[in-house]
Novice: 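Here it is: the structure, laid out below.
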Amino acid sequence: MASPLLSLVNDDSRYQRAFQLFLERSSEHQCMRDFIHNILPDILASVGDGKSNLNVIGVGSGAGDIDLEMFSELRLKHPGVKVDNEVVEPSGQQLHNYRVMVSKRTDLDYITFTWNKMTAAEFEEQWKQKQTTKKADFIHLIQMLYYVKDPGATISFFQSLLDKNGKLLIILVSGDSGWGKLWRTFRSQLCNPDISQCVTTADIKAVLDAQGIRYRNYELPSHMDITECFQEGHADGELLLDFLTEVLDFSRTAAPELKAGVLDMLRHPDCSTESDGRVLFNNNLGVIVLDPLPHKQ
C-alpha cells in the first residue's frame, strides 16, 4: 500500500532547503570528493581510448559541483580532449545554479554543455524518439536512482549507451548504511513507490548479480549529524527529519507511534553512533562501476 503521507518532493523549495542542510550536516560531498580524487582517476584512465572528443552524460547532476570535480580528473587523465556534456536535471533551481557556476568559470571552455531540464525517464524517452546513435564514454548516476520507477531498467538503458571503453558510475546509499536499516524497517509507511524508491546499493547489486552482470564496487564512509532531530520543535531538526523520511512535515503529519518508532530507529546503534553529545547517523555510500554490456553475436 502506498504511504498516505505526503512526499517531500511535492514541495521543491522545502526539499532544496532540506537537501542543503543535509549537505551542511553530513560528510556526503567530502567522501565523494575523496573517491573522485583518489579512485576515479584510474577508472577514467581507459575511457575514450585515444579519442579527441568524449561524450559524458550526467543524470541528476544537481547544482553541478560534483560534476565539475569529476571533470577536473577527466581533464588530467585526458588532456586536450573536448567534452560534450549532457546534463539531465529535473529541478529548475538546481539547473540554474549549475549554469551560473559554469558561467563564472574560465577553465571549462573544453566542455560543451547541453542542458536538459527533465527526469531520467523523460531523457530516455527523448533519446529513443530521436533514435540517437551517439555513444557515451562516461555516464554518472549519482544519488538519483531513488527517483525512477525501475532502477534496474534505468541502469540497463544507460549501460546500453556506453561506448566500448565507456564507464557507468552509480552512487547510492550503502545497504549497510543507516538509510538501509531505516528503509527496511519502515518501507511500507515511508516509501511511496509512485514517487521514490527506498533503494540501496545492496538492492542494485542483487539485480546485477541476478542478471550475471559484472561490476566493481566501493564503500565510502560518511556520517550525518542528526542531533537536532531529537530536539522537539527545532526547525533544522524537523527539516532533517523530512529529508531522512522523505515525508513533508513529518513531525506534524506522521502518526505519533510512527514518529516515535522512526526516532528510536534513528538513535539505534544499527543506524547511528553517539559521540560528545552528538548523534551521528551512518550515511555510508556505495559506488558501483559498470562496463558496457557485451555485444550480442
Side-chain angles (χ1 to χ4, degrees), residues 32-61 64 66-89 107-116 120 123-124 126-128 130-145 148 151-172 201 204-205 207-220 285-297:
M32 284 189 198
R33 288 188 179 98
D34 291 344
F35 171 80
I36 287 166
H37 299 303
N38 298 322
I39 299 171
L40 186 63
D42 288 340
I43 295 167
L44 293 175
S46 61
V47 307
D49 195 24
K51 291 198 288 192
S52 59
N53 205 85
L54 296 177
N55 293 322
V56 176
I57 303 174
V59 189
S61 285
I66 293 296
D67 286 29
L68 297 190
E69 299 253 355
M70 291 190 286
F71 279 124
S72 69
E73 293 298 340
L74 187 68
R75 184 74 163 158
L76 288 171
K77 282 293 175 188
H78 303 279
V81 301
K82 298 284 187 190
V83 174
D84 284 324
N85 180 34
E86 294 266 4
V87 180
V88 182
E89 170 56 51
D107 58 341
L108 301 175
D109 54 345
Y110 65 98
I111 307 175
T112 301
F113 290 88
T114 302
W115 308 100
N116 301 280
F123 180 78
E124 179 176 344
Q126 178 180 283
W127 191 278
K128 287 174 175 172
K130 287 182 176 174
Q131 298 182 325
T132 310
T133 55
K134 186 167 93 169
K135 291 289 186 181
D137 301 291
F138 180 51
I139 302 173
H140 52 88
L141 314 177
I142 297 179
Q143 293 287 47
M144 56 66 64
L145 284 173
V148 299
T154 298
I155 291 169
S156 293
F157 168 70
F158 284 106
Q159 194 178 13
S160 76
L161 303 188
L162 291 175
D163 211 351
K164 68 172 193 255
N165 290 299
K167 295 283 183 276
L168 173 59
L169 175 76
I170 297 165
I171 301 182
L172 280 176
T201 49
I204 300 304
K205 286 191 272 192
V207 169
L208 297 173
D209 289 340
Q211 295 174 22
I213 295 172
R214 296 172 59 185
Y215 55 87
R216 280 177 279 171
N217 69 101
Y218 309 85
E219 290 283 310
L220 311 184
L285 303 180
V287 178
I288 296 173
V289 180
L290 293 165
D291 293 319
L293 291 164
H295 287 295
K296 292 182 173 66
Q297 297 302 317

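Both backbone and side-chain heavy atoms feed into the values below; hydrogens, waters and symmetry mates do not.
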Novice: Against Asn53, only a single residue in Asp84, Asp137, Val81 fulfils side chain to side chain contact (heavy atoms under 4.5 Å, CB included); can you say which?
Specialist: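 Checked Asp84, Asp137, Val81 against Asn53; only one passes side chain to side chain contact (heavy atoms under 4.5 Å, CB included): Asp84.
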Novice: Does any non-hydrogen side-chain atom of Asp49 lie less than 4.5 Å from one of Lys164?
Specialist: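 Contact flag for Lys164/Asp49 side chains = yes.
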Novice: With rounding to the nearest 0.5 angstrom, report the OG1 to CG distance, Thr201 to Leu145.
Specialist: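 Those atoms lie 11.0 Å apart.
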Novice: Between Glu86 (side chain only) and Val56 (backbone N and O only), is there a donor and an acceptor less than 3.5 Å apart?
Specialist: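 Between the backbone of Val56 and the side chain of Glu86 there is no qualifying donor-acceptor contact (under 3.5 Å).
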Novice: State, to 0.1 Å, how close Lys51 and Gly48 come at their nearest heavy-atom pair, and which atoms those are.
Specialist: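 Of all heavy-atom pairs spanning Lys51 and Gly48, the closest is CG-O, 3.0 Å.
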Novice: Could you state the interatomic distance from CZ (Phe71) to CD1 (Ile111), rounded to the nearest 0.5 Å?
Specialist: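 Separation between the atoms: 4.5 Å.
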Novice: Please report the closest heavy-atom contact between Leu172 and Gln143, naming both atoms and the distance.
Specialist: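 The pair with the smallest heavy-atom distance is CA-OE1, 3.5 Å.
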Novice: Once you round to the nearest 0.5 Å, how far does CD1 of Ile36 lie from CD1 of Ile66?
Specialist: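 Separation between the atoms: 4.5 Å.
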Novice: Compare every heavy atom of Ser160 with every heavy atom of Lys135, then report the nearest pair and how far apart it is.
Specialist: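 Closest approach of Lys135 to Ser160, heavy atoms only: NZ-O, 2.7 Å.
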Novice: Please list, chain by chain and in numerical order, all residues satisfying salt bridge (Lys or Arg N to Asp or Glu O under 4.0 Å) with Arg33, sequence neighbours excluded.
Specialist: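 If we apply the salt bridge (Lys or Arg N to Asp or Glu O under 4.0 Å) test to Arg33, skipping adjacent residues, the hits are Glu69.
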Novice: Nearest 0.5 Å, what's the CZ-CG distance between Arg214 and Leu208?
Specialist: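 Answer rounded to 0.5 Å: 13.0 Å.
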Novice: If every non-hydrogen atom of Met144 is compared with every non-hydrogen atom of Ala120, which pair is closest and at what distance?
Specialist: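 Shortest heavy-atom separation between Met144 and Ala120 comes out as CE-CB, 3.7 Å.
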Novice: Taking side chain as C-beta onward, heavy atoms only, is Ile43 less than 4.5 Å from Arg216?
Specialist: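 Sidechains of Arg216 and Ile43: in contact.
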Novice: Atom CG in Leu168, atom CD in Gln159: separation rounded to 0.5 Å?
Specialist: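 Result: 6.5 Å between the selected atoms.
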Novice: Evaluate the criterion salt bridge (Lys or Arg N to Asp or Glu O under 4.0 Å) for residue pair Glu124 and Lys128; output intermediate values, then yes/no.
Specialist: CA-CA 6 Å; Glu124 179 176 344; Lys128 287 174 175 172; 2.7 Å; yes
Novice: Could you walk me through whether Asp34 and Leu220 pass the side chain to side chain contact (heavy atoms under 4.5 Å, CB included) check?
Specialist: CA-CA 9 Å; Asp34 291 344; Leu220 311 184; over 6 Å; no
Novice: Evaluate the side-chain proximity of Phe138 to Leu54: yes if any heavy-atom separation is below 4.5 Å, no if none is.
Specialist: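 SC-SC contact between Leu54 and Phe138 ruled out.
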Novice: Do Asn217 side-chain atoms and Val287 backbone N/O form a donor-acceptor pair below 3.5 Å?
Specialist: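 Looks like no, no N/O pair under 3.5 Å.
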Novice: Can you tell me how far CG of Leu161 sits from CG of Asn55, rounded to the nearest 0.5 angstrom?
Specialist: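 Asn55 CG to Leu161 CG: 10.5 Å, rounded to 0.5 Å.
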Novice: After noting the C-alpha distance and the side-chain angles of Phe158 and Leu290, does the key distance pass the side chain to side chain contact (heavy atoms under 4.5 Å, CB included) rule?
Specialist: CA-CA 10 Å; Phe158 284 106; Leu290 293 165; over 6 Å; no
Novice: For salt bridge (Lys or Arg N to Asp or Glu O under 4.0 Å), just list the numbers for Asp107 and Arg75, CA-CA rounded to whole Å, side-chain angles, deciding distance to a tenth of an Å, and then say yes or no.
Specialist: CA-CA 11 Å; Asp107 58 341; Arg75 184 74 163 158; over 6 Å; no
Novice: Taking the side chain as everything from C-beta on, heavy atoms only, tell me whether Gln126 gets closer than 4.5 Å to Asn116.
Specialist: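 Result yes, sub-4.5 Å side-chain heavy-atom pair found.
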Novice: Would you say that Phe35 contacts Leu169 through its side chain, given a criterion of any heavy-atom pair below 4.5 Å between the two side chains?
Specialist: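 Answer yes - side chains close enough.
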Novice: Testing the basics here: between Asn38 and Pro41, what is the closest heavy-atom pair and its distance to 0.1 Å?
Specialist: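 The pair with the smallest heavy-atom distance is C-CD, 4.0 Å.
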Novice: Within the structure provided, determine whether Tyr215 and Ile204 are in side-chain contact (heavy-atom separation under 4.5 Å).
Specialist: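 Not in contact.
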Novice: Using a 3.5 Å distance criterion without hydrogens, assess whether the side chain of His78 forms a donor-acceptor pair with backbone atoms of Leu44.
Specialist: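 Yes, because the side chain of His78 sits within donor-acceptor range (under 3.5 Å) of the backbone of Leu44.
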Novice: Answer whether the closest heavy-atom distance between the side chains of Lys82 and Thr112 falls below 4.5 Å.
Specialist: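 Heavy-atom side-chain distance check fails, nothing below 4.5 Å.
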Novice: What are the two closest heavy atoms between Gly166 and Pro292, and how far apart are they?
Specialist: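 Heavy atoms only, the tightest pair is O-CD, 3.3 Å.
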Novice: Start with the C-alpha gap between Leu40 and His140, add the side-chain angles, then the distance that decides, and say whether side chain to side chain contact (heavy atoms under 4.5 Å, CB included) holds.
Specialist: CA-CA 12 Å; Leu40 186 63; His140 52 88; over 6 Å; no
Novice: What I'd like to find out is whether the side chain of Trp127 reaches to under 4.5 Å of the side chain of Ile57, using heavy atoms alone.
Specialist: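 The answer is yes, as the side chains (C-beta and beyond) meet within the 4.5 Å cut-off.
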